[in-house]
Amino acid sequence: FGFIHESIRQLVIRKYGEETWLQVLERSGFENGKENIVNHYYSDTDTYVLVDSVSIVIKVTKDQVWEMYGGFLITYSMEIGWDELVRSMSPNLKGFLDNLDSLHYFIDHVVYKANLRGPSFRCEENPDGTLMLHYFTGRPGLYHIVKGVVKEVAKLVFNLDITLSVQGRTQRSVHMNNGERVEEHVIFLIKNVGENRRDSEASTVSLMTSAAPDFGEIVDDNLRMSLQDFSKALPYHFVLDESCKLVQCGDELYNHIPNELLKPGTPILRIFEINRPQIPLDFENICNFINAVFVLQVKTSPLKKKHMDALTKEEQEQEAEAMEAENTSNELTQGCHLKLKGQMMMLATKKHIIYLCSPYVTSINELMQFGMRLTAMPLHDATRDLILLNQQRLTDVEVNLQLEANNEQLETMTRELEVERKKTDSILKDMLPRKIAKQLLSGEHIEPCEYEATVMFCDLPAFQQIIPVCQPKNIVKLLNEVFFKLDRIVVLRGVYKVETVSDSYMTVSGIPDYTNEHAETMCHVALGMMWEARSVMDPVNNTPFLLRIGLHSGTIIAGVVGTKMPRYCLFGETVTLASQMESLGLAGKIQCSKWTYTQAMETGRFEFAPRGRITVKGRGDVETYFLTRSLKKSIWEITDHERDVNVNSIEGYEELETSIESAQAARNDNITKANQNNSAACTIA
């Protein structure tokens, strides 16, 4: 188990340093970090290679490494949280060693829920106060670990200074269901070399051995309990003799095992299969592992029992013999076979062993599978309480799972709502300036404000000629293509798109965040839009589209209008005059009022061509200018396009002027041809 490797790593690093451990890893062939995964199963060969490498690197024998490791294992385990459990196991060393098997079972089944193959310990007291420790293992040669473990436990837990000497070491071959294995039996003599310490100053209890209880003088040694009473008090027990044959059993076993098999003298192997410990089920092995937790499984399923009980006596005997002869390992994997969990106890005769146990059942569901009810458990048996508590736990788990499912569903719905909310917020931020949208989302009231700004209108003069000759879906597709390109420039230059009506496009610069460069920024936007629009072709004349753009700067009033579909609207004479600059302009030209011209030249550098004075409704004659280029930024900077140095000019305005002139010339030719055709038609008529 990976915990073993981690313990070895900690031992080497603490005692010899990190560099030594890296040398061990290099020699053993492990990748750093992959050798100590705590819950990972490593083969025994991996562990042996690791220990061999430690032995070579630190220049000590393997036996010394194992003994050193055994002592450190106790220290390290107590450091990481096992201290209280280790100290509470027994008041003396003998009790501690006798209970090691049950501790291993707890670690195996409860902590790691694994199927670890651990050793077994049995301790005997000698008349001189020394202990004889019997150590059984399926991994020969590791008994030096036991020396380190026992010495460290005696020192840390019981404050004893002891010596361990090997009195005997034997090995034998054991036949198991899954094959043959070698089992080693090592006998240790444990002596206390220090003075005899006690549990406390006033106590007479030895820390080494357990004192025999004093029952006083027994006047009457007759047992006031009949066999029937005993079978009811311990309904799942059974007693076996030296030949591992049944002597007697509890009442409840008759409900799970055919009566024919529960007759005295029946070999236990015909009735039960041993699950734990992994040993042959015979008298000698049971004695060797007497301190272990025994889990036995009934070989017959409930259906098999009903079948056998319905047979005649002769048929039952034949069926029992057939069961003994056949391999039942496959049968045990099917159906419900009752398991019993408990301890083996040697009786005073030393020739009989009693198995004190309870059904290995942890839930009502398992109880029902075996056709049992809670009444099958004696009141004194903690299994009854365990089942009820576990049922409550399972109910709580089910409720928690339902709550988790509901929480997960709520979290999913919350995430979906959050996505929809973000979509709504995004739409609102597209409809309104970002600053205004945030104020609305936070519940703030938006007051109308007066701003100094530049307003721009642009449209497609050729659009009205396109409508009669194009399909509606093609018109929409065309406008989408044009407006997509214009929107990119708007986002790029940081101005606000107010609205689009038919082919008319309105933007404003300088609100809601004022900037004194609002006219300069809008001039750059106009140049960028003119460039972008020329890449879309007029389907009627097959020429690039030419925008008609008008700009005017001045004072405007801006505010949010509406609640269901709020709009950020602009009001004032500035808006009207900007619209007139566009409507009175020319295709392929950017017409600016005198006010925009003045503002743009204050902060930027542009080239304007005077148009002269034009008559504007409600304003009389107004001086206007045509914007031709920026002397501060190239077309490539304005539109964020890369310039092809082999094709394009440095500024890009030559290409813009050339394309506009070409489009205007082609358009004029088309108009001339159309007029000639109309004249010819009139002459013929």
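Values reported hereafter were calculated over all heavy atoms of this structure, with side chains retained and with hydrogens, waters and symmetry mates removed. All values derive from a computational prediction rather than experimental measurement.
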Chemist: Would E284 and R172 pass as an ion pair if we require N to O under 4.0 Å?
Modeler: yes
Chemist: Got a donor-acceptor contact below 3.5 angstrom from the S55 side chain to the V51 backbone?
Modeler: no
Chemist: Indicate the atoms forming the closest heavy-atom contact of C244 with L281, along with that distance.
Modeler: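 Smallest heavy-atom distance, with atoms named: SG-O, 3.9 Å.
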Chemist: Could you tell me if E19 and Q23 have a donor-acceptor pair between their side chains, going purely by distance under 3.5 Å?
Modeler: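 Side chains of Q23 and E19: no pair found under 3.5 Å.
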Chemist: Side chains of I80 and F3: does their closest heavy-atom pair fall under 4.5 Å?
Modeler: yes
Chemist: Using distance alone, with no hydrogens and no angle criterion, decide if S7 and Q10 have a side-chain donor and acceptor under 3.5 Å apart.
Modeler: no
Chemist: Minimum heavy-atom separation for L367 to R373, with atom names?
Modeler: CD2-C, 3.6 Å
Chemist: May I have the step-by-step check of salt bridge (Lys or Arg N to Asp or Glu O under 4.0 Å) for K151 and E67, ending in yes or no?
Modeler: CA-CA 10 Å; K151 285 180 181 178; E67 185 170 345; 3.2 Å; yes
Chemist: To the closest 0.5 Å, what do you measure between CG (L189) and CG (N126)?
Modeler: 6.5 Å
Chemist: If the test is side chain to side chain contact (heavy atoms under 4.5 Å, CB included), which one of I271, L340, V298 qualifies with L253?
Modeler: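 Exactly one pass, corresponding to L340.
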Chemist: Testing the basics here: between C287 and M346, what is the closest heavy-atom pair and its distance to 0.1 Å?
Modeler: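 Answer, listing the atom of C287 first, then M346: SG-CE, 3.2 Å.
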Chemist: Check the angle between the aromatic planes of H5 and F30 and answer parallel, tilted or perpendicular using the 30° and 60° thresholds.
Modeler: perpendicular
Chemist: Using a 3.5 Å distance criterion without hydrogens, assess whether the side chain of R270 forms a donor-acceptor pair with backbone atoms of K299.
Modeler: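 Checked: no pair found.
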Chemist: Kindly indicate whether the side chain of F188, heavy atoms from C-beta on, has any atom under 4.5 Å from the side chain of M132.
Modeler: no
Chemist: Before giving the answer on salt bridge (Lys or Arg N to Asp or Glu O under 4.0 Å), spell out for K155 and E152 the whole-Å C-alpha distance, their side-chain angles and the decisive distance to 0.1 Å.
Modeler: CA-CA 5 Å; K155 178 182 174 183; E152 195 67 17; 5.1 Å; no
Chemist: Under the side-chain contact (heavy atoms from CB on, under 4.5 Å) rule, what do V65 and V60 come out as? Steps first, then yes or no, please.
Modeler: CA-CA 7 Å; V65 173; V60 298; 3.5 Å; yes
Chemist: After noting the C-alpha distance and the side-chain angles of D52 and K62, does the key distance pass the salt bridge (Lys or Arg N to Asp or Glu O under 4.0 Å) rule?
Modeler: CA-CA 6 Å; D52 289 347; K62 285 185 285 185; 3.7 Å; yes
Chemist: Could you tell me if T412 and R415 have a donor-acceptor pair between their side chains, going purely by distance under 3.5 Å?
Modeler: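 Side-chain D/A pair, R415 to T412: present.
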Chemist: Between the side chain of T300 and the main-chain N/O of I257, is any donor-acceptor distance below 3.5 Å?
Modeler: no
Chemist: Does a donor on one side chain sit under 3.5 Å from an acceptor on the other, for N365 and S363?
Modeler: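 No, no side-chain donor-acceptor contact under 3.5 Å.
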Chemist: Apply side-chain hydrogen bond (donor to acceptor under 3.5 Å, both in side chains) to residues E242 and H352 and explain how you reach the verdict.
Modeler: CA-CA 6 Å; E242 289 179 303; H352 295 86; over 6 Å; no
Chemist: Are any of the side-chain nitrogens in R14 or E79 under 4.0 Å away from the carboxylate oxygens of its partner?
Modeler: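 Yes, R14 and E79 are salt-bridged.
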Chemist: Between S88 and L85 (side chain of the first, backbone of the second, donor and acceptor by atom type, cut-off under 3.5 Å), is there such a pair?
Modeler: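 Yes.
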Chemist: Measure the shortest side-chain to side-chain distance between Y236 and Y355 over non-hydrogen atoms and say whether it is less than 4.5 angstrom.
Modeler: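 The answer is no; the side chains never approach within 4.5 Å.
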Chemist: Taking the side chain as every heavy atom from C-beta outward, state whether H237 and Q248 have any pair of such atoms under 4.5 Å apart.
Modeler: yes
Chemist: In a check of ring pair (Phe, Tyr, Trp, His ring centres under 6.0 Å) between F238 and each of Y254, F230, F272, which one passes?
Modeler: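 It is F272, the one option of Y254, F230, F272 that forms the ring pair (Phe, Tyr, Trp, His ring centres under 6.0 Å) with F238.
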Chemist: Which distance, rounded to the nearest 0.5 Å, do you find between the NE2 of H337 and the CD of E273?
Modeler: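 These two atoms lie 10.5 Å from each other.
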Chemist: Measure the spacing between CG of L246 and OG1 of T266 and express it to the nearest 0.5 Å.
Modeler: 6.0 Å
Chemist: With rounding to the nearest 0.5 Å, note down the distance linking CD1 in I364 to CG in L374.
Modeler: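 Rounded to the nearest 0.5 Å, the CD1-CG separation comes to 6.0 Å.
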Chemist: Mind listing the closest non-hydrogen atom pair of V150 and L133 along with its distance?
Modeler: CG2-CD2, 4.1 Å
Chemist: Let me see the working for F136 and H134 under side-chain contact (heavy atoms from CB on, under 4.5 Å), right down to the final yes or no.
Modeler: CA-CA 7 Å; F136 301 91; H134 295 266; 3.7 Å; yes
Chemist: Please answer whether the main-chain N or O of M377 pairs with a side-chain N or O of R384 as donor and acceptor at a distance below 3.5 Å.
Modeler: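 Answer holds: yes.
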Chemist: Rounded to the nearest 0.5 Å, what separates atom SG in C357 from atom CG in L296?
Modeler: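 CG of L296 is found 7.5 Å from SG of C357.
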Chemist: Checking N99 against S90: is there a side-chain donor and acceptor pair closer than 3.5 Å?
Modeler: no
Chemist: Taking atom CD of E26 as the centre, does the number of heavy atoms from other residues, nucleotides or ligands within less than 6.0 Å exceed 12?
Modeler: no
Chemist: Please state whether the rings of W66 and Y48 are parallel, tilted or perpendicular, taking 30° and 60° as the class boundaries.
Modeler: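 Correct class here is perpendicular.
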Chemist: Does the side chain of Q297 reach to within under 4.5 Å of the side chain of Y360, using non-hydrogen atoms?
Modeler: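 A side-chain contact is absent here, since even the closest heavy-atom pair is not under 4.5 Å.
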Chemist: Any chance CD of E84 has more than 12 other-residue heavy atoms, nucleotides or ligands included, within less than 6.0 Å?
Modeler: no
Chemist: Donor-acceptor pair, distance only, cut-off 3.5 Å: does the side chain of N92 make one with the backbone of G95?
Modeler: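 Checked: pair present.
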Chemist: Could you walk me through whether V12 and V54 pass the side-chain contact (heavy atoms from CB on, under 4.5 Å) test, one step at a time?
Modeler: CA-CA 8 Å; V12 174; V54 173; 4.1 Å; yes
Chemist: Starting at CG of L131, measure out to CG of L97 and round the result to the nearest 0.5 Å.
Modeler: 7.0 Å
Chemist: Between T137 and P119, which heavy-atom pair has the shortest distance, and what is it?
Modeler: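 Minimum heavy-atom separation between T137 and P119: CB-CB, 4.2 Å.
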Chemist: Kindly assign one of parallel, tilted or perpendicular to the pair Y135 and F121, based on the angle between their ring planes and the thresholds 30° and 60°.
Modeler: tilted
Chemist: I'd like to know if K423 pairs up with E420 as an ion pair, taking the criterion as any Lys NZ or Arg NE/NH1/NH2 lying under 4.0 Å from an Asp or Glu carboxylate oxygen.
Modeler: yes
Chemist: Begin from the C-alpha positions of E124 and R122 and carry the test salt bridge (Lys or Arg N to Asp or Glu O under 4.0 Å) through to its verdict.
Modeler: CA-CA 7 Å; E124 297 174 355; R122 177 165 55 86; 2.8 Å; yes
Chemist: Find out whether H185 and R169 are in side-chain contact, i.e. whether some heavy atom of one side chain is under 4.5 Å from a heavy atom of the other.
Modeler: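 When only atoms from C-beta onward are counted, R169 and H185 do not touch, as no gap falls below 4.5 Å.
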Chemist: Any carboxylate oxygen within less than 4.0 angstrom of a Lys/Arg side-chain nitrogen, looking at E184 and R139?
Modeler: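 Salt bridge absent between E184 and R139.
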Chemist: For residues S120 and D101, report the shortest heavy-atom separation together with the two atoms involved.
Modeler: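 Here S120 and D101 meet closest at OG-OD2, 2.5 Å.
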Chemist: Yes or no on side-chain hydrogen bond (donor to acceptor under 3.5 Å, both in side chains) for T20 and E18, after CA distance, side-chain angles and deciding distance?
Modeler: CA-CA 5 Å; T20 303; E18 184 81 33; over 6 Å; no
Chemist: For V239 and I353, what are the C-alpha separation, side-chain angles and deciding distance, and is it a side-chain contact (heavy atoms from CB on, under 4.5 Å)?
Modeler: CA-CA 6 Å; V239 177; I353 293 176; over 6 Å; no
Chemist: If we ignore angles and hydrogens, is there a donor and acceptor under 3.5 Å between the side chains of D63 and H144?
Modeler: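 Yes, a side-chain donor-acceptor pair sits under 3.5 Å.
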Chemist: Using a 4.5 Å cut-off on heavy atoms from C-beta on, say whether the side chain of M368 contacts that of F370.
Modeler: no
Chemist: With a 4.5 Å heavy-atom cut-off, do N285 and E183 have their side chains touching?
Modeler: yes
Chemist: State, without any angle test, whether N407 and E411 hold a side-chain donor-acceptor pair at a distance under 3.5 Å.
Modeler: no
